[in-house]
Amino acid sequence: MRKQHLRPVVLSGLLLTGLLTATFAQSALETQADTAGGPLDLGKMWTFDAPPTAYFQKTYNFTADQKWFDEARLASLRFADYCSASFVSANGLVMTNHHCARESGTGVQRKGEDLNATGFYAKTLTEERPVEGLFVDQLVQIEDITSRVQQAMSAVSSGQGQLEAREQVFSDIKAEYINKDNWKGLELQTITFYNGGRYALYGFKRYTDVRLVFMPELQLGFFGGDPDNFTYPRYALDCSFFRVYDNGKPLKTSHFFKFNTNGVRDGEPIFVIGNPGHTERLKTVAELEFDRDFQTPATIQLIRNRSNALQAYNATAKNDSVLNEIFSYENSLKAYGGQLAGLRDPVLMARKASFEKQFKAAAQAKNLPADQLKTWDELAANTAQLRGLFNDANFLGPSERTMGELLTFANVLTQYNELLTSRPQDAERARSLVVSPVVRNSALEEAYLAAHLAEAQAGLGTDDPYVKAALNGRSPKEAAAYLLKTTKLNDPGFVQELRTRPGAIGASNDPMLVLARIGFPRYLAAARQARQISQRQEVLRGQLGRMLYAVYGSAVPPDATFSLRINDGVVRGYPYNGTQAPIITTFAGLYDRNYSFGDKAPWNLPARWKNPPMALLKEPMCFISTNDIIGGNSGSPMINKNREAVGLVFDGNLESLPGEFIFVPDRNRSISVHAGGMVAAMRYIYKADRLIGELTGAPAPPAAKARK
């Protein structure tokens with residue numbers, strides 16, 4: 001399941017990398033000599049600002065003119081602020097993933113309904129359900145603003161000043177363009193490419209009347225659950241359909257991808273258009289080593305501990321929103337585990353080192369300014385400083401999800417006390433915010449606090465003053481229980497006294513405040529230094545991006561930034577588990593997996609799927625290709641050279657997970673729901689004749705029946 005996930009602020013440990021490390025170790029042995037590296041290690045996420053016309057011609061003998069790219073762009077959508085989608089009919093029908101639509105779909109269910117269990121299909125236009133707050137964005141305008149932004153930044157010397165200048169010119173440009181012809185009424189967004197090597201202004205047409213049309217049951221949309229996530233062969237009907245309305249009627253559009261249910265051929269060129277969320281492929285080796293040794297292991301440990309806490313809580317709570325949060329955590333765990341395994345793969349890191357060497361040599365050959373050529377050394381020096389700050393900035397950082405509400409509040413009180421001394425005016429403004437928190441769930445509160453103490457013990461060491469004060473000879477779990485039992489920070493009267501009596505916060509022996517007085521000053525000092533260094537790093541990465549563009553131009557695509565991209569690949573199997581992965585899976589495999597696990601979750605099937613017609617079994621369900629995707633690409637259409645939708649991207653295999661920092665297409669595979677498989681499910685199981693007709697070219701439903 002590919003969905004965009006943000007890296008938490010604090011983090012430690014390692015999980016789910018045993019199998020993944022073995023997988024990439026095997027890959028390393030198989031490709032020991034393949035350490036040369038090169039520009040295409042940065043991937044194939046091409047922008048529509050500089051369409052890869054020549055590359056497509058050279059690679060596939062396929063001429064895609066400007067009209068081809070324009071139509072592909074206009075048929076593609078950004079689904080809310082976390083997924084991708086596309087128009088797939090002339091009547092505003094929108095296709096995206098089930099896992100992108102799950103929250104929206106269940107949000108429209110009515111009393112007595114359980115759409116996760118039953119799915120949803122609107123047999124008529126009047127039954128299509130509006131989703132409050134949902135929107136889709138269509139990219140209609142692009143403007144290069146690079147020179148203007150870079151000139152503004154060059155006029156300032158300090159790192160913070162340059163970033164402030166950049167934000168100011170962004171604001172000025174938006175204010176100017178909002179009143180320009182062809183830009184009025186659009187949602188404007190500034191886009192950064194190559195970490196600052198290029199900049200663009202994008203104008204989006206936003207559609208806010210979006211209605212649910214079709215969504216399969218959760219057991220089909222997420223068949224196999226987390227165990228099957230990031231694996232192949234795969235059997236998931238991870239699709240859903242919505243419709244955009246304009247003035248109460250289905251949107252009429254000529255920009256859409258026609259469905260082609262005839263299948264895909266081995267070796268066929270395939271293109272994915274969507275909004276990949278975030279990659280860091282331009283990072284230097286020094287920065288990647290920091291991620292390998294510090295940031296990523298810490299991220300994994302934090303996510304695992306919070307997921308464990310939520311799973312224990314939800315075993316009795318049975319809350320759908322908590323379940324979605326657990327799904328998200330588990331998805332992130334595999335993603336970060338795969339990234340860490342890749343970072344620990346000596347072949348992949350050797351490729352990064354090789355490209356860095358090539359890049360430096362090419363930059364020197366272009367006689368770029370000497371101060372720019374020092375960028376790698378400066379990035380390495382700054383990264384070395386961040387290593388020294390990591391523990392205090394990371395393990396002592398206050399957050400309700402990392403240390404619970406009460407210890408976080410103790411840190412807030414400590415900061416408030418500091419303001420009383422150093423900036424009394426700011427303290428007065430903050431006084432109204434200093435109120436006793438209401439702990440919503442005591443079990444989760446204790447679990448989060450215990451996890452924080454265990455992480456601090458592992459990261460800071462048993463002899464660290466903060467850890468010694470927190471544990472005092474107890475285990476993290478025992479200490480958490482003691483602290484919550486002993487503290488008075490959930491007593492409004494006690495908190496009121498702390499707020500009003502001078503010196504009370506600093507003198508209190510409340511155990512939470514004692515801890516915060518030890519930890520918060522250390523966190524604040526480290527975080528301030530880390531912030532200054534990070535600002536400088538951002539400017540240096542921008543210099544690196546400018547050099548990359550000066551050396552390679554648009555022949556190398558920029559990192560993903562949740563902006564619209566087109567990437568290319570081919571339909572191709574790969575060796576796995578001692579055998580060969582087929583390019584296509586069928587519904588017969590779905591039932592084999594269901595029977596093999598005895599119809600037990602997460603491989604169980606709803607009742608209406610239990611006795612399928614024989615014709616369904618041979619129909620294609622999913623397929624794989626070498627396309628370059630990442631979180632945010634969920635819901636991206638998979639199209640052929642004729643701009644026909646042949647599939648819907650929803651995931652990648654385990655071997656694709658190092659794609660955060662490097663693209664190696666040999667074993668990387670994108671996984672898509674087959675267009676023919678979606679139609680087959682609608683025909684044989686859901687009896688969704690109206691939708692089949694619309695997708696395959698039958699006459700459109702009458703707009704007059706649309707609900708106002």
Side-chain angles (χ1 to χ4, degrees), residues 46-49 51-53 56 62-80 83-97 100 125 128 134-143 181-189 200 202-211 213 239-247 249-261 270-275 563-568 633 635-649 675 678 691 693-701 703 706:
W46 312 102
T47 75
F48 282 89
D49 310 58
T53 305
F56 283 4
F62 164 52
T63 302
D65 58 16
Q66 188 60 50
K67 181 180 179 182
W68 192 95
F69 284 107
D70 287 344
E71 288 298 321
R73 167 175 55 82
L74 292 169
S76 303
L77 301 167
R78 189 163 59 186
F79 189 84
C83 275
S84 300
S86 60
F87 285 126
V88 287
S89 89
N91 291 280
L93 192 66
V94 171
M95 175 176 70
T96 191
N97 285 147
C100 295
L125 282 174
E128 295 178 357
L134 181 60
F135 61 88
V136 295
D137 287 338
Q138 179 188 42
L139 178 59
V140 296
Q141 292 287 354
I142 298 175
E143 187 80 12
D181 291 341
N182 300 322
W183 290 80
K184 293 178 181 177
L186 300 182
E187 297 288 328
L188 303 187
Q189 183 179 354
Y202 279 10
F204 296 91
K205 186 170 185 179
R206 175 163 292 183
Y207 298 98
T208 56
D209 187 350
V210 185
R211 308 186 189 186
V213 178
C239 66
S240 61
F241 292 84
F242 293 76
R243 192 183 307 281
V244 166
Y245 281 68
D246 184 28
N247 294 320
K249 296 181 179 180
L251 175 74
K252 297 296 182 183
T253 179
S254 61
H255 311 298
F256 65 95
F257 299 121
K258 296 179 181 178
F259 249 47
N260 182 331
T261 61
I270 295 291
F271 308 92
V272 171
I273 307 165
N275 302 273
S563 55
L564 194 66
R565 307 293 180 89
I566 179 168
N567 71 72
D568 60 287
N633 270 121
S636 296
M638 179 80 72
I639 67 171
N640 60 18
K641 291 190 291 185
N642 298 323
R643 292 200 311 274
E644 296 169 328
V646 295
L648 172 63
V649 171
M678 288 183 267
L691 192 52
E694 187 171 358
L695 287 169
T696 58

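A quick note: this is a predicted structure, and the numbers were derived from the prediction, not measured.
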Handout entry: Tyr202 and Asp49: CA distance, side-chain angles, deciding distance, side-chain contact (heavy atoms from CB on, under 4.5 Å) verdict
Key = CA-CA 10 Å; Tyr202 279 10; Asp49 310 58; 2.5 Å; yes
Going by ring-ring contact (aromatic ring centres under 6.0 Å, His included), name the residues that satisfy it together with [X], two or more places apart in sequence or in a different chain.
{"X": "Trp68", "answer": "Phe62, Phe271"}
{"X": "Phe48", "answer": "none"}
{"X": "Phe256", "answer": "none"}

Considering non-hydrogen atoms only, spot the tightest contact between [X] and [Y] and give its length.
{"X": "Ala64", "Y": "Phe56", "result": "CB-CD2, 4.3 Å"}
{"X": "Gly635", "Y": "Thr96", "result": "CA-OG1, 3.6 Å"}
{"X": "Gly203", "Y": "Trp183", "result": "N-CZ3, 3.6 Å"}
{"X": "Ala645", "Y": "Ala675", "result": "O-CB, 3.7 Å"}
{"X": "Gly647", "Y": "Met95", "result": "O-CE, 4.0 Å"}
{"X": "Phe257", "Y": "Ile273", "result": "CZ-CD1, 3.8 Å"}

Which residues pass the side chain to side chain contact (heavy atoms under 4.5 Å, CB included) test with [X], not counting sequence neighbours?
{"X": "Ser84", "answer": "Asn275, Ser636"}
{"X": "Asp181", "answer": "Lys184"}
{"X": "Thr63", "answer": "Gln57"}

Practice task
Kindly write out the residues that satisfy side chain to side chain donor-acceptor pair (under 3.5 Å) with Thr261, not counting sequence neighbours, or none if the list is empty.
Solution key: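 So Thr261 forms no side chain to side chain donor-acceptor pair (under 3.5 Å) with any residue.
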Handout entry: Set of side chain to side chain donor-acceptor pair (under 3.5 Å) partners for Glu644, sequence neighbours left out
Key =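 In terms of side chain to side chain donor-acceptor pair (under 3.5 Å), with neighbours along the sequence ignored, Glu644 is linked to Asn260, Asn640.
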Rounded to the nearest 0.5 Å, how far does [atom2] of [Y] lie from [atom1] of [X]?
{"X": "Thr208", "Y": "Asp137", "atom1": "OG1", "atom2": "CG", "value": "10.0 Å"}
{"X": "Glu694", "Y": "Phe259", "atom1": "CD", "atom2": "CZ", "value": "10.5 Å"}
{"X": "Phe242", "Y": "Arg211", "atom1": "CZ", "atom2": "CZ", "value": "13.0 Å"}
{"X": "Arg73", "Y": "Arg565", "atom1": "CZ", "atom2": "CZ", "value": "14.5 Å"}
{"X": "Arg243", "Y": "Leu125", "atom1": "CZ", "atom2": "CG", "value": "5.5 Å"}
{"X": "Leu648", "Y": "Met678", "atom1": "CG", "atom2": "CE", "value": "5.0 Å"}

Do [X] and [Y] come close enough that some side-chain heavy atom pair is under 4.5 Å?
{"X": "Val94", "Y": "Tyr207", "result": "no"}
{"X": "Ser76", "Y": "Leu564", "result": "yes"}
{"X": "Phe87", "Y": "Ser254", "result": "no"}
{"X": "Phe69", "Y": "Thr53", "result": "yes"}

Go through the structure and list residues passing salt bridge (charged side-chain N to carboxylate O under 4.0 Å, His left out) with [X], not counting sequence neighbours.
{"X": "Glu187", "answer": "Arg206"}
{"X": "Arg643", "answer": "none"}
{"X": "Asp246", "answer": "none"}
{"X": "Asp568", "answer": "Lys44"}

Exercise for the section: Taking only Lys NZ, Arg NE, NH1 and NH2, and the carboxylate oxygens of Asp or Glu, determine whether Lys67 and Asp70 approach each other closer than 4.0 Å. Expected result: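 No, Lys67 and Asp70 are not salt-bridged.
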Practice task
Give the intermediate values and the outcome of side-chain contact (heavy atoms from CB on, under 4.5 Å) for residues Asn633 and Val272.
Solution key: CA-CA 8 Å; Asn633 270 121; Val272 171; 4.0 Å; yes
Practice task
I would like to know whether Leu93 and Leu691 meet side-chain contact (heavy atoms from CB on, under 4.5 Å); could you show each step before the answer?
Solution key: CA-CA 9 Å; Leu93 192 66; Leu691 192 52; 3.5 Å; yes
Practice task
Kindly indicate, with the supporting measurements, whether the criterion side-chain contact (heavy atoms from CB on, under 4.5 Å) is fulfilled by Phe204 and Phe135.
Solution key: CA-CA 11 Å; Phe204 296 91; Phe135 61 88; over 6 Å; no
